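Just the heavy atoms: all of them, side chains too, but no hydrogens, waters or symmetry mates, feed the values below. Each chain gets a letter, A, B and so on, in the order its sequence line appears, and its residues count up from 1. Bear in mind that the values here come from a model prediction, so they are computed numbers and not experimental data.
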Amino acid sequence: MRDLVDAIRPLLNSVMSDIGVQESDWDNLLASSTDSAFADVAMPCHSLSKVLRKAPNTISDEILESLGSTTEGLCQVSSINGFLNFSADSDWLSDLLQEALIDDRLRVLTEESRVIVIDYSSPNVAKHMHVGHLRSTVIGDALNRMLTHKGHRVVPENHIGDWGTPFGMLIEHLIDMGIDSDSQNIDLSTFYSDARAKFDSDSEFSSRSRARVVRMQSSEPETIELWQMLVDRSLIHFNEVYQRMGVLLTNDDLAGESKYESVLPRIVDKLAERGLLEESDGAKVVYLDGWKNREGEPLPLIIQKADGGYNYATSDLACILDRIENVGSRDLLYIVGAEQAQHFAMVFEVARSAGFMDEGVNAIHVPFGLVMGTDGKKLASRTGGAVHLNDLLIEAVERADAIVAEKNPLLSNKERAEVAKMLGIGAIKYADLSTDRSNNYTFQWEKMLSFDGNTAPYLQYAHARICSIFSKDGIDRDSTLDAEIILVHEREIALARALIGYPEALDSACSSHSPHKLATQLHVIAQAFGSFYEVCPVLNAEDKTKISRLALCDLTARTLQTGLELLGIDSPQRM
RNA sequence: GGGCGUGUAGCAUAGCCUGGAUAAUGCACUGGCCUCCUAAGCCAGGGACCGCGGGUUCGAAUCCUGCCGCGCCCGCCA
C-alpha cells in the first residue's frame with residue numbers, strides 16, 4: 001500500500017505540524033497496516049505521547065478530527081486504540097487499476113539505469129550440469145529479468161570452470177580415448193570421474209597429466225586444441241540444459257576462468273605493489289584483519305599457490321577488476337551458494353584494500369541454501385552421486401505431461417507437450433523462487449507440481465482460466481483497455497487491493513534480490529482472483545459490470561503473466 | 001574452537017532489514033459448495049507459550065544479549 005501511504009503523507013503534513021509534531025517524529029510511523037483486517041495503512045500514535053504528553057488515543061482522535069474531509073475520495077479514516085487506520089476507497093483503487101490497464105508496464109516504474117553484472121550458473125567443463133547448479137541458474141535468471149525490467153542494463157556472466165589443474169588429466173584422458181573421435185561422443189556423465197579415477201590410481205597417467213597442465217598453461221597449440229574440444233562439447237551440453245530450462249544465458253555471456261588466466265600475474269603484481277602480499281609456505285597470500293583459522297592463527301586468502309598456480313580467489317579478483325574497468329559496472333551480484341560466504345567476504349575485502357573497487361561499488365554476494373532431498377540430506381541420486389540437471393528437467397516435464405493428460409484429455413498431443421513443458425519447468429523454478437533463498441529447501445515433486453497451494457501450476461491455472469473467459473466469447477483482450485472499472489463486490493475490491501500491490505512487491509524483490517517477494521504477491525493475486533471468480537459472474541453480468549469485470553480479469557491475467565515471466569516462468573493460455 | 005546462516009500449528013513457509021493491534025499463507029485434517037464463465041476451483045472450521053532464558057521499550061516473532069538444536073564454512077579445490 002505504498003501508493004496510499006504516499007497519498008496520505010501530504011495530507012498529514014500540515015495536520016501534524018499544526019499539533020506540534022515534527023516530521024521526523026511521525027514520518028516512519030505511517031506504513032502499511034500489519035493486519036489488513038484493520039486497515040490498508042495505519043499510523044500508531046503511541047510514541048507521540050512522549051512529545052505531546054497526551055494519551056495515544058487522544059492524539060489519534062485529534063488527528064482524525066483535524067484531517068476532516070481532506071481524505072474524501074481517497075480513504076476512510078478511523079481512530080482506534082491510538083491507531084489511525086486508513087482504508088482505501090474503492091474509487092481510488094479503481095483509478096489506480098485504470099492507470100495500470102492502459103500501461104504496458106502495469107505501473108512498474110523504471111529506475112535510473114545502472115550496469116549490473118550478475119554472475120550465475122557457473123557449471124564446470126567436462127562435467128554434467130547437476131542439481132548444484134539449479135538454484136544459481138534459476139535465481140540468477142529471475143534477477144536478470146527483474147532488474148532488466150526495472151530499466152537496468154544487466155550483463156549476465158557465466159563463470160564456467162574451464163581452466164585449472166584438473167584439465168591436465170582431462171586432456172590426457174581425452175587423448176587416451178582417441179582424439180580423432182567426434183567430441184560428440186564424449187560421455188560427460190562419466191568423463192570426469194573416469195579421468196579422476198585413473199589419475200588417482202595410475203602414476204604414469206598422473207605424471208603426464210601434470211606435464212599436460214604445464215603445456216596448457218604455456219598455450220601449446222596442440223593442447224589448446226584438445227582443451228577447446230572439451231569446452232565445445234560442454235557448451236553443447238550447457239546450452240541444451242539452458243534451452244530446456246528456458247533461461248536467458250547464451251555463449252555471449254561466457255566469462256570462464258580461462259578468460260582471466262592471462263591477467264592473473266598482473267593481479268599478483270598489483271597486490272604486491274600495494275604491499276598486501278606476504279609469503280607463507282611458498283605461497284603468496286593476503287592476510288586480512290579478523291580472519292582466523294581453526295587453530296586461531298591468521299587465515300590468509302591464497303593468491304598464488306606454492307607451485308605457481310592460481311586459485312579461484314585470484315580469478316575472482318581479476319573478474320572484479322574487469323567488470324569495473326572494462327564492463328563499466330558498479331553493481332556486481334554473485335548468485336552463489338551460502339557456503340561460499342566467507343570466500344566472497346574475503347575477496348571483496350581484498351579488492352577494496354587493493355583499490356580495485358571504491359566504496360561506491362556494490363559487490364554483493366547473493367547467497368542461497370541447499371536443495372535437500374526428502375531424507376533431509378543434500379539432494380543426491382540413488383547411487384549417492386549428484387543428480388543431473390538435465391534428468392531432473394526431463395522428469396519434471398514427463399510428470400507434468402502425465403498430470404495434464406489426466407486432467408485435460410481434450411488437449412492435442414502437441415498442445416499437451418507444450419503445456420507440460422511450461423508446467424514442469426515452471427514448477428521446478430517456482431519451488432525455488434517462492435521461498436526465501438537463504439533457506440535450504442526440500443525438493444518434492446508432488447508438492448511443486450500440485451495445483452493446490454503456492455505453486456506454479458496454481459498461478460498458471462488462474463491465468464489460463466482468465467484466458468478461457470475471453471476465448472469463450474471471442475472477446476478481444478485489448479477491448480477492455482478503455483473500460484471503466486467499477487468496484488462494488490467485496491471480492492472485486494479484494495482483488496483490486498492485491499493487484500495494486502504488484503509494483504511494490506516487484507521493487508521490494510529487486511532491491512533485496514529476493515524473487516520470492518514477487519512470487520508471494522503473485523500468489524496473493526491468484527488467490528484473490530479465484531475467490532472473486534467464484535462469486536462474481538463475468539460473461540453473464542450486465543453491461544457495465546461485465547465490461548468492468550472483463551477489465552479486471554484482463555489486468556489480473558496480464559499481471560500474472562508478466563510477473564511469472566519475470567521469474568522465468570511461462571503461462572499457457574489453456575491447460 | 002571460531003565464523004556465517006537457520007529455528008514460526010502435524011508438515012512446508014511469509015512476516016524480521018524499517019518494533020505496533022487478535023501472528024499471515026499453503027499442504028494435510030473436519031464440514032460444506034458444481035442443471036451456471038475450467039471443481040485443476042471456492043467457502044467455513046479446528047490447530048502456534050514465533051527454539052529457550054534475560055534485556056531494551058508504552059509495546060518484541062521483529063532490536064540487543066546468553067544459551068540450545070540444525071546446516072554450511074574455516075590455507076594452497078572451486
[atom1]/[X]: more than 12 non-hydrogen atoms of other groups inside 6.0 Å:
{"X": "A/E297", "atom1": "CD", "answer": "yes"}
{"X": "A/Q22", "atom1": "CD", "answer": "no"}
{"X": "A/D289", "atom1": "CG", "answer": "no"}
{"X": "A/D375", "atom1": "CG", "answer": "yes"}
{"X": "A/R416", "atom1": "CZ", "answer": "yes"}
{"X": "A/Q444", "atom1": "CD", "answer": "yes"}

> How would you list all residue pairs meeting salt bridge (charged side-chain N to carboxylate O under 4.0 Å, His left out) that involve residues 43-55 of chain A, not counting sequence neighbours?
Replying inline: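 Listed by first then second residue: A/K54-A/E62.
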Measuring only the [atom1] atom in each nucleotide, how far is [N] from [M]? A whole number of Å is fine.
{"N": "B/rU18", "M": "B/rG55", "atom1": "P", "answer": "24 Å"}
{"N": "B/rA61", "M": "B/rA9", "atom1": "P", "answer": "14 Å"}
{"N": "B/rA14", "M": "B/rG51", "atom1": "P", "answer": "14 Å"}
{"N": "B/rG53", "M": "B/rA78", "atom1": "C1'", "answer": "42 Å"}
{"N": "B/rA60", "M": "B/rA21", "atom1": "P", "answer": "10 Å"}
{"N": "B/rC50", "M": "B/rU22", "atom1": "P", "answer": "14 Å"}
{"N": "B/rA12", "M": "B/rG7", "atom1": "P", "answer": "12 Å"}
{"N": "B/rU25", "M": "B/rC64", "atom1": "C1'", "answer": "30 Å"}

>> Centroid separation under 6.0 Å, is that true for the rings of A/Y310 and A/Y260?
In response: no
> Would you say the ring centroid of A/Y334 lies under 6.0 angstrom from that of A/F344?
Replying inline: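 Yes, close enough.
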At under 4.0 Å between heavy atoms, what does [X] touch on the DNA or RNA strands: base, sugar-phosphate, or nothing?
{"X": "A/D473", "value": "nothing"}
{"X": "A/K472", "value": "sugar-phosphate"}
{"X": "A/Y287", "value": "base"}
{"X": "A/S315", "value": "nothing"}
{"X": "A/M575", "value": "base"}
{"X": "A/D281", "value": "base"}
{"X": "A/N28", "value": "nothing"}
{"X": "A/A42", "value": "base"}
{"X": "A/A313", "value": "nothing"}
{"X": "A/R549", "value": "nothing"}

> Given A/L30, which of A/L12, A/D6, A/L4 fulfils the side-chain contact (heavy atoms from CB on, under 4.5 Å) condition?
Replying inline: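 Checked A/L12, A/D6, A/L4 against A/L30; only one passes side-chain contact (heavy atoms from CB on, under 4.5 Å): A/L12.
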Just by modelled atom types, is the [Y] backbone N or O under 3.5 Å from a matching donor or acceptor in the [X] side chain?
{"X": "A/W227", "Y": "A/D162", "value": "yes"}
{"X": "A/D307", "Y": "A/G309", "value": "yes"}
{"X": "A/R9", "Y": "A/D27", "value": "yes"}
{"X": "A/N440", "Y": "A/G369", "value": "no"}
{"X": "A/S531", "Y": "A/A528", "value": "no"}

> Hey, which of these two, A/P44 or A/P166, hits RNA chain B nearer its 5' end, going by closest nucleotide?
Replying inline: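 Counting from the 5' end, the first nearest nucleotide belongs to A/P44.
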>> Nearest heavy atom decides the nucleotide; on that basis, is A/H523 or A/V41 closer to the 5' end of RNA chain B?
In response: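 Upstream on the strand: A/V41.
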Within [range], which residues have any heavy atom lying less than 4.0 Å from an atom of RNA chain B?
{"range": "residues 128-138 of chain A", "answer": "none"}
{"range": "residues 333-350 of chain A", "answer": "A/E339, A/Q340, A/Q342"}
{"range": "residues 295-303 of chain A", "answer": "A/L299, A/P300, A/I302"}

>> At a heavy-atom distance below 4.0 Å, which nucleotide of RNA chain B is the first touched by chain A, and which is the last?
In response: B/rG1 to B/rA78
>> Taking syn as a glycosidic torsion within 90° of 0 and anything else as anti, which one is B/rC34?
In response: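 Classified syn.
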> Do you see a donor-acceptor pair shorter than 3.5 Å between the side chains of A/N454 and A/Y430?
Replying inline: yes
> Could you go step by step and tell me if A/S121 and A/M129 meet the side-chain contact (heavy atoms from CB on, under 4.5 Å) rule?
Replying inline: CA-CA 9 Å; A/S121 197; A/M129 286 189 77; 3.7 Å; yes
> Rounded to the nearest 0.5 Å, how far apart are NE2 of A/H365 and NE2 of A/H513?
Replying inline: 12.5 Å
> For RNA chain B, which consecutive runs of 3 or more Watson-Crick or G-U pairs (each distance under 3.5 Å) count as stems?
Replying inline: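 Result, WC/G-U stems under 3.5 Å: B:1-7 with B:68-74, B:10-13 with B:24-27, B:29-33 with B:41-45, B:51-55 with B:63-67.
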